[in-house]
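Worth knowing before you read on, the calculation uses all heavy atoms, side chains too, and leaves out hydrogens, waters and symmetry mates.
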Amino acid sequence: MPVQTILFDINETVLDLNRLRPKFNHYFGSEGYMTTWFSMLLHSSTVCLVTEVHSDFKSLALTALKALAGRLDKSISDEGYQDILSTLAALPAHEDVKPAMDKLKLSGFRLVALSNSSSKLLNSQLSFAGLKAYFDDTISVEQANTFKPSKSAYLFALQQLQVAPSQARLVATHDWDTHGALSAGLKAAYIDRSGAPYNSYYLMPDIASNSMIEIAQKIMDKENRQP
């Protein structure tokens, strides 16, 4: 069955988190702590997921910031934490995103934003980045009290879209995300934004590239569509 719907992870895949780096340099003393914080955030969301603790991505993001500050013996005010977190709503799109989405839209694909972020933050992010018009739907998995990469997160999105797993493909820069989608029966495409090797224990997608434009072309080739 041909793929009709392309789901896009948002943070790092579509939006460039590097806008956060100066904030971490200011408050934590090094831009590199941005990556540490984001890894801590993803770790805590996974722990809550597997232990069935109800949580939300915004609260976990703040908790991870405070934990990082504690480890580094940094004193940061509540205003400072909010200054960092507010930047999440003001991230630019990677340069290769809009050209790739133009190709996919012209080829007739249904494009959907799928994120662990709240619906409010997700819509703010897409509006700021000038991407809302590209997406036919936006879905936050928080609506289902879950997080990616749980199978229920992807199946919730497909249920909302009334699409079978075989008719959908996830595009993401996190190998745990593409693995989760593949485990739920979707197809996937991995875009390498970091240069880190793909985890060999995870299911491997049939499309991979370090360019979103090339990802789009490979998807069209797979589905025999031309822009």
Does [X] have any ring pair (Phe, Tyr, Trp, His ring centres under 6.0 Å) partners at least two apart in sequence or in another chain, and if so, which?
X	answer
Tyr33	none
Tyr198	Tyr190
Phe28	Phe24

Practice problem: May I ask you to test the Ser117-Asn11 pair for a side-chain heavy-atom distance under 4.5 Å? | Solution: yes
Give, for atom [atom1] of [X] and atom [atom2] of [Y], the distance between the pair rounded to the nearest 0.5 Å.
X	Y	atom1	atom2	result
Leu126	Leu15	CG	CG	6.5 Å
Asn145	Cys48	CG	SG	12.0 Å
Glu31	Leu20	CD	CG	10.5 Å
Leu114	Leu170	CG	CG	6.5 Å
Met101	Phe135	CE	CZ	3.0 Å
Tyr202	His179	OH	NE2	6.5 Å

Exercise. Not counting sequence neighbours, which residues clear salt bridge (Lys or Arg N to Asp or Glu O under 4.0 Å) with Asp136? List them please.
Key: Lys105
Return the minimal non-hydrogen interatomic distance between [X] and [Y], and the atom names on each side.
X	Y	value
Ala157	Ile139	O-CD1, 3.8 Å
Leu7	Leu161	CD2-CD1, 3.7 Å
Arg21	Gly32	NH1-CA, 4.1 Å
Asn116	Lys148	OD1-N, 2.8 Å

Quiz item: Phe156 and Phe8: same hydrophobic cluster, using ILVMFWY side-chain contacts below 4.5 Å?
Solution: no
Quiz item: If two hydrophobic side chains count as joined below 4.5 Å and joins carry through other members, does Leu91 share a cluster with Tyr81?
Solution: yes
Residues which pass side-chain hydrogen bond (donor to acceptor under 3.5 Å, both in side chains) with [X], listed by chain and number, not counting sequence neighbours:
X	answer
Thr173	none
Asp83	Lys23, Tyr27
Asp175	none
Ser211	none

Exercise. Hey, could you give me each pair passing side-chain hydrogen bond (donor to acceptor under 3.5 Å, both in side chains) that has a residue in residues 60-71? Not counting sequence neighbours.
Key: none
Quiz prompt | side-chain hydrogen bond (donor to acceptor under 3.5 Å, both in side chains) partners of residues 86-100, not counting sequence neighbours, each pair once | solution = Asp96-Arg193
Quiz item: Does atom CD of Gln160 have more than 12 heavy-atom neighbours from other groups under 6.0 Å away?
Solution: yes
Self-check item: Pairs involving residues 49-65, ordered by first then second residue, that meet salt bridge (Lys or Arg N to Asp or Glu O under 4.0 Å) (sequence neighbours left out)
Solution: none
Self-check item: Pairwise salt bridge (Lys or Arg N to Asp or Glu O under 4.0 Å) hits with a residue in residues 202-216, at least two apart
Solution: Arg169-Asp206, Asp206-Lys222, Glu214-Lys218
